[in-house]
> 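Starting off with a structure, shown below.
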Amino acid sequence: MVSGFYVTTPIYYVNAEPHLGHAYTTIVGDALSRWHRLLGDDVMYLTGTDEHGLKIRQAADAAGQTPQAFCDTIAPKFADAWTRLNITNDDFIRTTEPRHYAAVKELLQRCYDAGDIELDTYSGKYCVACEEYFTDEELLDGSVCPIHKRPVDHFEEENYFFRLSRFQDRLLKWYDEHPGVIKPEFRGNEALGLIRGGLRDFSVSRTSLDWGIPLPWDERHVAYVWFDALTNYLSATGFGDPSVDYTNRWPVDYHLIGKDIIRHHCVYWPAMLMSAGVDLPKGWAVGGWLLVDGEKMAKSTGNVVNPLDLIDVVGVDGFRYYVLAETSYGSDGDFSFEGLVGRYNSDLANNLGNLAARVATVVGKKCGGVGPAPRSDSPLAEAAATAVAGAISGWDAVAPSRALDATWGLIKATNAYLEINEPWKSEPGAEVDTVMGDALEALRIITILASPAVPQTSELIWQRLGISGSVTDQRIPSDVEWGGYTGGAPVEKGTPLFPRIVS
RNA sequence: GGCGGCGUAGCUCAGUAGGUCAGAGCAUCCGGCUCAUAAUCGGAAGGUCAUCGGUUCGAUCCCGAUCGCCGCUACCA
């Protein structure tokens, strides 16, 4: 039986264009999805855009457009960026789509019917110029808008509130019964800390806003951010559509999120689902931030990195490999141009690319250009098994850097194996054939294991090895067992896969 | 203020119910090789595992204190 695997990224707010942070999470999700396809899972990888709210309304007004027209110009920039980064999302959800409206209304109605959404008064300090509420901490001297430097007004607004406060015990009990659902573990502890610290009801609607989804029972209000944004994960499963069984996909296997949105995804969201009688997610994988030269990327510091600029330097696979291998998912990573080029040269050009080149050359010179079969008892077989095991456990833990490190271990072992045997010194014959057959088999396994990170290059190596089919048709573990390569096909050298970058 | 985390080779980081646990990669140096994208292979060097105490036969790993750094502290995706 084929098992399903459903993974999501946060939906990205369309008030800015795609940047490195978006790309980071999206690449991790893509690599994870590709890995699970290799495992034979029926994968659904979802990403999308968040298009409602005041800031979009304001940005649209400033651009002299309707909000919908404004979103229609930005959302494709995300979709296009993911295409260029070779992201294989199976769906792209936009919160302005009818299916999303249906899902949000369904979820809201369920929580309302359960008695967990009630009308109440939201009061707060409000800056008329910003059209925004502020907390005391955000204000200067407790009463002055930090942006406009003018006193704020005390405003009250009727809002519907979600009674999050009722869910503290239920959430704690659920997390207690489901250890390890949040990875890495220390992020799970942070979520528990947030819950233990006490939960306050939060408002789920606004009357002061019109760019949003109307509440099904009271159209004067539109849904405020949480019920709108978080629900996207259900929308894409068909939740809210009576003709579809959304449980074919739900519950989700992993929500990939940033550490800054733990509260919303690991506290609000499960409580909302509990209230609505919807199963809770099977897992969350929390990532850190990708800092830029040690600092948080921000417009104000002028260090916003556009990922699409980088692929001109190191290629799509070079960029993908870098963000996956260089950072330990869960902790903050540090992006630097030097690091990018360093990783590219050492791991891709010198190791993977060079190995493929030297193997192809020796096969050409000593084996007549046709790949010989490996031996079953090769010393490399054990290294291969170690790499496979390491890759499996790494991806299973949503730790791409560990999975890739294990994979690169086999590259290193193969290079060492060639040095020991020095096939280039021998005359053509059985001895050389054996060595090169082993190297080709190792390269075949490496190519499969590396393919979630460097899909384009993997496919190219696959073709040059002369193996039929495609890398994406391979299955783990059956196709990464030693001996799968039978030889007999021409091996093509081709141009360097990753030309060294000399600065 | 409260809660939590971090501080291990030049750099990025692993690590341990406390006893070959002092590790990896990159960078550096020496040597080999020359099939390969001046790539690769072997070796060396490099750390009192932040500081000071305590527990213990024994602590990088446990406890306390100190110094330094960083998150979160509730309606912003």
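Below, chains carry the letters A, B, ... as their sequence lines are ordered, and counting in each starts from 1.
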> What residues form a side chain to side chain donor-acceptor pair (under 3.5 Å) with A/Thr47, not counting sequence neighbours?
A/Thr9

> Rounded to whole Å, please give me the gap between CZ in A/Arg187 and C1' in B/rG5.
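Atom-to-atom, A/Arg187 to B/rG5, this comes out as 9 Å.
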
> Report, one line per pair, each donor and acceptor closer than 3.5 Å where one atom sits in a side chain of residues 402-413 of chain A; sequence neighbours left out.
| unit_1 | atom_1 | unit_2 | atom_2 | d |
| --- | --- | --- | --- | --- |
| A/Thr407 | OG1 | A/Ala403 | O | 2.9 |
| A/Trp408 | NE1 | A/Asp347 | O | 2.9 |

> Please give me the minimum heavy-atom distance between A/Thr95 and A/Ile213, naming the atom from each residue.
O-CD1, 4.3 Å

> Identify, with sequence neighbours excluded, every residue that meets ring pair (Phe, Tyr, Trp, His ring centres under 6.0 Å) alongside A/His264.
A/Trp226, A/Tyr268

> What is the distance, rounded to the nearest whole Å, between atom CH2 of A/Trp269 and atom C1' of B/rC75?
17 Å

> How would you list all residue pairs meeting salt bridge (charged side-chain N to carboxylate O under 4.0 Å, His left out) that involve residues 321-330 of chain A, not counting sequence neighbours?
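Applying salt bridge (charged side-chain N to carboxylate O under 4.0 Å, His left out) to every pair that reaches into residues 321-330 of chain A, excluding sequence neighbours, yields A/Glu326-A/Arg343.
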
> For B/rC72 and B/rC62, measure between their P atoms and round to the nearest Å.
26 Å

> Taking N or O atoms only and anything under 3.5 Å, show me the protein contacts with nucleotides 6-11 of chain B, one pair per line.
none

> Which one, B/rA77, B/rA74, B/rC76, comes nearest to the side chain of A/Lys55?
B/rC76

> Can you sort out the partners of A/Ser235 under side chain to side chain donor-acceptor pair (under 3.5 Å), two or more places apart, ordered by chain and number?
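So A/Ser235 forms a side chain to side chain donor-acceptor pair (under 3.5 Å) with A/His100.
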
> Please report, rounded to the nearest Å, how far the C1' atom of B/rC76 is from the NE2 atom of A/His265.
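One finds 13 Å between C1' of B/rC76 and NE2 of A/His265, rounded.
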
> Please state how far atom CG in A/Asn15 lies from atom P in B/rC76, giving the value in whole angstrom units.
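To the nearest whole Å, that distance equals 13 Å.
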
> Using atom P of each nucleotide, how far apart are B/rG5 and B/rG43 to the nearest Å?
40 Å

> So which pairs with a foot in residues 349-375 of chain A pass side-chain hydrogen bond (donor to acceptor under 3.5 Å, both in side chains), sequence neighbours left out?
A/Asn350-A/Arg500, A/Arg358-A/Asn415, A/Arg358-A/Glu419, A/Thr361-A/Lys493, A/Arg375-A/Tyr417, A/Arg375-A/Asp438

> Does A/Tyr101 have any ring pair (Phe, Tyr, Trp, His ring centres under 6.0 Å) partners at least two apart in sequence or in another chain, and if so, which?
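With sequence neighbours excluded, A/Tyr101 shows a ring pair (Phe, Tyr, Trp, His ring centres under 6.0 Å) to A/His52, given in chain and number order.
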
> Which pairs, with at least one residue in residues 339-372 of chain A and sequence neighbours excluded, count as a ring-ring contact (aromatic ring centres under 6.0 Å, His included)?
A/Tyr344-A/Phe498

> Taking the basic N atoms (NZ, or NE/NH1/NH2) and the acidic carboxylate oxygens, is any pair closer than 4.0 Å for A/Arg444 and A/Glu441?
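A salt bridge links A/Arg444 with A/Glu441.
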
> Taking both distances under 3.5 Å as the test for a Watson-Crick or G-U pair, what stems of at least three pairs does RNA chain B have?
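Stems (3+ consecutive pairs) listed as B:1-7 with B:67-73, B:10-13 with B:23-26, B:28-32 with B:40-44, B:50-54 with B:62-66.
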
> Check whether any side-chain nitrogen or oxygen of A/Tyr224 sits under 4.0 Å from OP1 or OP2 of B/rC76, and answer yes or no.
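A/Tyr224 to B/rC76 OP1/OP2: side-chain N or O found under 4.0 Å.
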
> I need the single residue from A/Trp269, A/Phe167, A/Tyr224 that forms a ring pair (Phe, Tyr, Trp, His ring centres under 6.0 Å) with A/Phe162. Which is it?
A/Phe167

> Take the protein atom CZ of A/Arg343 and the nucleotide atom P of B/rC13, then report the distance between them rounded to whole Å.
11 Å

> Considering only the P atoms, how many Å lie between B/rG10 and B/rG53, rounded to the nearest integer?
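B/rG10 and B/rG53 have their P atoms separated by 24 Å.
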
> Find the distance A/Asp405:CG to B/rU12:P and express it as a whole number of Å.
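A/Asp405 atom CG is separated from B/rU12 atom P by 18 Å.
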
> Taking atom C1' in both B/rC33 and B/rC41, what distance in whole Å separates the two?
8 Å

> B/rA74 P sits how many Å from A/Trp226 CH2, rounded?
13 Å

> For A/Tyr160, give me all partners under ring pair (Phe, Tyr, Trp, His ring centres under 6.0 Å), at least two apart in sequence or on another chain.
A/Trp217, A/His221

> Taking atom P in both B/rC21 and B/rU16, what distance in whole Å separates the two?
12 Å

> Regarding A/Thr96 and A/Glu51, do their side chains bring together a donor and an acceptor under 3.5 Å, going by distance alone?
yes

> Rounding to an integer number of Å, can you tell me how far A/Leu192 CG sits from B/rC72 P?
18 Å

> In whole Å, what separates the P atom of B/rC61 from that of B/rU55?
15 Å

> Take atom C1' in B/rU48 and the same atom in B/rA22, then report the distance between them in whole Å.
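Result for the C1' pair: 12 Å, nearest Å.
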
> Between B/rC70 and B/rU12, how far apart are the two P atoms, rounded to whole Å?
15 Å

> Would you mind building the protein contact string for nucleotides 30-46 of chain B? One character per nucleotide, 5' to 3', B for base within reach (heavy atoms under 4.0 Å), S for sugar-phosphate only, - for untouched.
--BSSBBB-SBS-----

